[in-house]
Amino acid sequence: MEAFVYTAQPARVVFGAGALQHLGAEVERLGARRALVLSTPEQAAQARRVAEQLGARAAGVYAGAVMHVPVETARAAVAEAARLGADCAVAIGGGSTTGLGKAIALESGLPILAIPTTYAGSEMTPIFGLTEGGVKRTGRDPRVLPRTVIYDPELSLGLPPGLSVTSGINAMAHAAEGLYAHDGNPVTALMAEEGLRAMAAALPRLVRDPADRAARGDALYAAWLCGTVLGAVAMGLHHKLCHTLGGSFELPHAEVHTVVLPHALAYNAAHAPQAMARIARALGAAAGAGAGAVVDAPQALFEQAQALGAPTSLRALGLPAEALDRAADLAAANPYPNPRPLDRGALRALLQRAWDGAAPQA
Ligand SMILES: NC(=O)C1=CN([C@@H]2O[C@H](COP(=O)(O)OP(=O)(O)OC[C@H]3O[C@@H](n4cnc5c(N)ncnc54)[C@H](O)[C@@H]3O)[C@@H](O)[C@H]2O)C=CC1
Ligand SMILES: O=C(O)/C=C\C(=O)CC(=O)O
C-alpha cells in the first residue's frame, strides 16, 4: 500500500430513528445553555418544534436560511444570535441551513449541532460557502465543522421524492469525485464506494415509497459517508462546474449536480480508470447485479437519474443557451486538481451535452 495522509474530522454522530429525542442531552453535552435554532422559511414549523423540545435551552428561532448563504443573511443571523445571547446554533434542514450555521460559527465561534434533513452532506465538512454580489466563495475552516450531528430518518420523511433523488445524487457526486481525488486514501475510498452503493440502492426505494423508513435511514447513512469524503479530500471538475453554474447562473444546487455528474465523470473516465471501476462496482452491487454488471459508470449514473425521473438537462433547469460559453470560460479559468487536464473546448462540448440532455460521452 502506498503512503497516505488522512485527517479525520472530529464530529460526534447520533444516528437512528427517533434520535432527535437526544437533542437536549446533546446540547447540554456541548456545554450550551441557549441554542439558536436555524431553518429555512419552509421548515420554520419544524424548527419551532425543535425549539419547543429544547424548552429553556432554546434562545429562539431564526428561519431565514436561503441557498448559497448570502452575506446579508449571514450578518442578520450573527446579529440575531448575539442579540439573543445564543451560545450554540442548532441547524435543522439541508445544506442551506447548515451553511447558515457555518456562517455564524465562522464569525462568532459558536458550536453547531446539525440535524440534516437532506443528503447534501454539509454537516460532515469544514467547508463553508458565502455569496456576495452574486459571487460565491468557499473555504475550509475547522470552526465551521458541526460538533454534533443528529441523523434521524424520521425528519427526512417529508423530503419530496424529486428532491430526495437529486440530493442523493449530490451526495453520490462527493463520493465519485473523492475516488479520483489527488489527496484520496484507502479509508476515504472505502467510505466513497460504500456511500455510492448505499445511496444508489436507497433512491429507487424512496421513489417507490417516500415513507419507507428503512430506505430513509440508508440514504442518511450514505449521505454521512459521502459528506465525510467531501470534507476529507479535494473535489475536481464536477464540483467546480456545479459551483460555477449554481453561483453565477443561480441554478438549483442538487439538480445541477444531478445533471452534470455523468458528463463530468465521462470527461475524466479515461484518466481515472480505478475510480470508474469502483463506481461501477458500487452501482452493480446496489442493483444486486454483482461485480462486472456495470461497465460504464457515467452511462449507468445517467440511466439511473433518468429512471428515477430526475432532470437530465441544464436546459430544463432554466439555463439559457447563451450562458454556455461563459460557463465554459469560468470553468476553464481557475486551475484546480482534476485527473484530466482542463481543455476549454472539451468543457464547452461537455456543457453542450449536459444542456441538451444527451448521454455522457468521453
Ligand atoms: N459546505 C458544504 O460542505 C456543502 C454545502 N452545500 C450547500 O448547501 C446548499 C444546498 O443544500 P440542499 O440540502 O441541497 O438544499 P436546501 O438546504 O436549500 O433545501 C432545499 C429545500 O428543501 C427543504 N427541505 C429540506 N429538508 C426537507 C425535508 N426533510 N422535508 C421537506 N422539505 C425539506 C428546505 O427547507 C429547502 O426549502 C447549497 O448552498 C450548497 O452549496 C451542499 C453540500 C455540501
Ligand atoms: O458551496 C458550498 O457551500 C460548499 C460545498 C458544496 O456545496 C459542495 C457541493 O457542491 O455539493
Side-chain angles (χ1 to χ4, degrees), residues 9 11 20 38-47 50 63-70 73-74 91-103 105-106 112 114-131 135-141 144-146 149 151-178 206 210-211 216 219-220 223-224 226-248 250-258 260-261 264:
Q9 308 287 353
L20 188 65
L38 307 172
S39 75
T40 59
E42 295 81 11
Q43 289 179 278
Q46 210 171 15
V50 163
V66 290
M67 204 170 273
H68 302 312
V69 198
T73 309
I92 176 152
S96 300
T97 304
T98 308
L100 183 59
K102 289 177 166 184
L106 193 63
I112 305 168
I115 309 170
T117 61
T118 71
Y119 309 127
S122 175
E123 67 281 356
M124 296 312 296
T125 83
I127 305 171
F128 63 88
L130 285 167
T131 303
V135 178
K136 180 165 178 176
R137 73 180 167 92
T138 57
R140 288 181 183 247
D141 191 306
V144 309
L145 179 74
V149 181
Y151 284 110
D152 186 340
E154 302 281 332
L155 303 173
S156 57
L157 290 175
L159 191 64
L163 187 49
S164 299
V165 170
T166 54
S167 188
I169 295 175
N170 181 196
M172 291 169 77
H174 309 329
E177 286 225 294
L206 284 181
R216 289 285 180 196
L220 272 184
W224 168 13
C226 297
T228 304
V229 174
L230 169 67
V233 301
M235 296 290 110
L237 171 67
H238 169 75
H239 280 72
K240 299 300 172 190
L241 276 175
C242 292
H243 283 190
T244 299
L245 292 166
S248 302
E250 295 184 9
L251 298 188
H253 182 82
E255 289 86 338
V256 172
H257 270 271
T258 301
V260 172
L261 184 62

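Whatever order the structure lists them in is the order used to number ligands and atoms, beginning at 1.
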- Heavy atom of Met124 under 4.0 Å from ligand 1? no

- How far is atom 12 (P) of ligand 1 from its nearest protein heavy atom, and which residue and atom name does that atom have? Gly95 N, 3.6 Å

- Query: Would a distance-only check, ignoring hydrogens and angles, find a side-chain to backbone donor-acceptor pair under 3.5 Å from Thr98 to Gly94?
  - Reply: yes

- Message: Which residue and atom name correspond to the protein heavy atom nearest atom 26 (N) of ligand 1, and how close is it?
- Response: Thr117 OG1, 2.7 Å

- Task: Between Leu145, Leu155, Thr118, flag the one that comes closest to atom 19 (O) of ligand 1 by a heavy atom.
- Result: Thr118

- Query: Just which atoms of ligand 1 are under 4.0 Å from any heavy atom in Thr125?
  - Reply: 1 (N), 2 (C), 3 (O)

- When only distance counts, is Leu230 in polar contact with ligand 1, meaning an N/O pair under 3.5 Å? no

- Task: Evaluate the side-chain proximity of Val149 to Met124: yes if any heavy-atom separation is below 4.5 Å, no if none is.
- Result: yes

- Task: Go through ligand 1 atom by atom and flag the ones less than 4.0 Å from a non-hydrogen atom of Thr40.
- Result: 34 (C), 35 (O)

- Consider only side-chain N and O atoms of Thr117 and Gln43, and report whether a donor and an acceptor are under 3.5 Å apart. yes

- Is there side-chain contact between Asn170 and Thr258, with heavy atoms separated by less than 4.5 Å? no

- Please assess Leu241 against Val256 for the test side chain to side chain contact (heavy atoms under 4.5 Å, CB included), listing each intermediate value before the final yes or no. CA-CA 9 Å; Leu241 276 175; Val256 172; over 6 Å; no

- Message: Which of the numbered atoms in ligand 1 are under 4.0 angstrom from any heavy atom belonging to Leu163?
- Response: 20 (C), 21 (C), 22 (O)

- Who's closest to atom 41 (O) of ligand 1 heavy-atom-wise, of Lys136, Arg140, His243, Met67? Lys136

- Query: Which of the atoms in ligand 1, numbered in the order shown and given with their element, are less than 4.0 Å from a heavy-atom of Gly94?
  - Reply: 13 (O), 17 (O)

- Query: Do the side chains of Thr166 and His257 get nearer than 4.5 Å, heavy atoms only?
  - Reply: no

- Item | Tyr119 vs Leu220, side chain to side chain contact (heavy atoms under 4.5 Å, CB included): CA-CA, chis, key distance, verdict | CA-CA 6 Å; Tyr119 309 127; Leu220 272 184; 3.9 Å; yes

- Taking side chain as C-beta onward, heavy atoms only, is Val66 less than 4.5 Å from Thr40? no

- Indicate whether the side chain of Arg137 and that of Thr131 have a donor and an acceptor atom separated by less than 3.5 Å. no

- Task: Could you list which atoms of ligand 1 come closer than 4.0 Å to a heavy atom of Ser122?
- Result: 1 (N), 2 (C), 3 (O), 4 (C), 5 (C), 44 (C)

- Query: Which ligand 1 atoms, with their elements, are less than 4.0 angstrom from a heavy-atom of Ala120?
  - Reply: 13 (O), 42 (C), 43 (C), 44 (C)

- Nearest-neighbour protein heavy atom for atom 1 (N) of ligand 1, which is reported as residue plus atom name and distance: Ile127 O, 2.9 Å

- Check whether any side-chain N or O of Lys102 sits under 3.5 Å from a backbone N or O of Thr97 as a donor-acceptor pair, and report yes or no. no

- Task: Select the closest option to atom 24 (N) of ligand 1 among His253, Gln43, Glu154, Glu42, judged by heavy-atom distance.
- Result: Gln43

- Is the closest side-chain donor-acceptor distance between His174 and His239 under 3.5 Å? yes

- Message: Could you check whether any side-chain heavy atom of Asp141 comes within less than 4.5 Å of a side-chain heavy atom of Leu106, counting everything from C-beta outward?
- Response: yes

- atom 31 (C) of ligand 1: closest protein heavy atom, distance to 0.1 Å, is Gly158 O, 3.4 Å

- Spatial distance of atom OG (Ser164) from atom CG (Leu206) [nearest 0.5 Å]: 5.5 Å

- Query: What are the atoms of ligand 1, with element, lying closer than 4.0 Å to any heavy atom of Ser156?
  - Reply: 29 (N)

- Mark up the atoms of ligand 1 that fall under 4.0 Å of a heavy atom belonging to His68, in ascending order. 38 (C), 39 (O), 41 (O)

- Query: Is there a donor-acceptor pair closer than 3.5 Å between any side-chain N or O of Gln9 and the backbone N or O of Gly231?
  - Reply: yes

- Message: Nearest non-hydrogen contact with atom 17 (O) of ligand 1 belongs to which option: Gly227, Ala44, Gly129, Ser96?
- Response: Ser96

Please tabulate, one line per pair, the protein N or O atoms found under 3.5 Å from any N or O atom of ligand 2, giving the distance to one decimal.
{"residue": "ligand 2", "atom": "1 (O)", "partner": "Lys136", "partner atom": "NZ", "Å": "2.8"}
{"residue": "ligand 2", "atom": "1 (O)", "partner": "His243", "partner atom": "NE2", "Å": "3.4"}
{"residue": "ligand 2", "atom": "3 (O)", "partner": "Lys136", "partner atom": "NZ", "Å": "3.3"}
{"residue": "ligand 2", "atom": "7 (O)", "partner": "His243", "partner atom": "NE2", "Å": "3.4"}
{"residue": "ligand 2", "atom": "10 (O)", "partner": "His243", "partner atom": "NE2", "Å": "2.9"}
{"residue": "ligand 2", "atom": "10 (O)", "partner": "His257", "partner atom": "NE2", "Å": "2.8"}
{"residue": "ligand 2", "atom": "11 (O)", "partner": "Asn170", "partner atom": "ND2", "Å": "3.0"}
{"residue": "ligand 2", "atom": "11 (O)", "partner": "His253", "partner atom": "NE2", "Å": "2.9"}
{"residue": "ligand 2", "atom": "11 (O)", "partner": "His257", "partner atom": "NE2", "Å": "3.2"}

- Query: So, Lys136 side chain and His68 main chain: donor-acceptor pair closer than 3.5 Å or not?
  - Reply: no

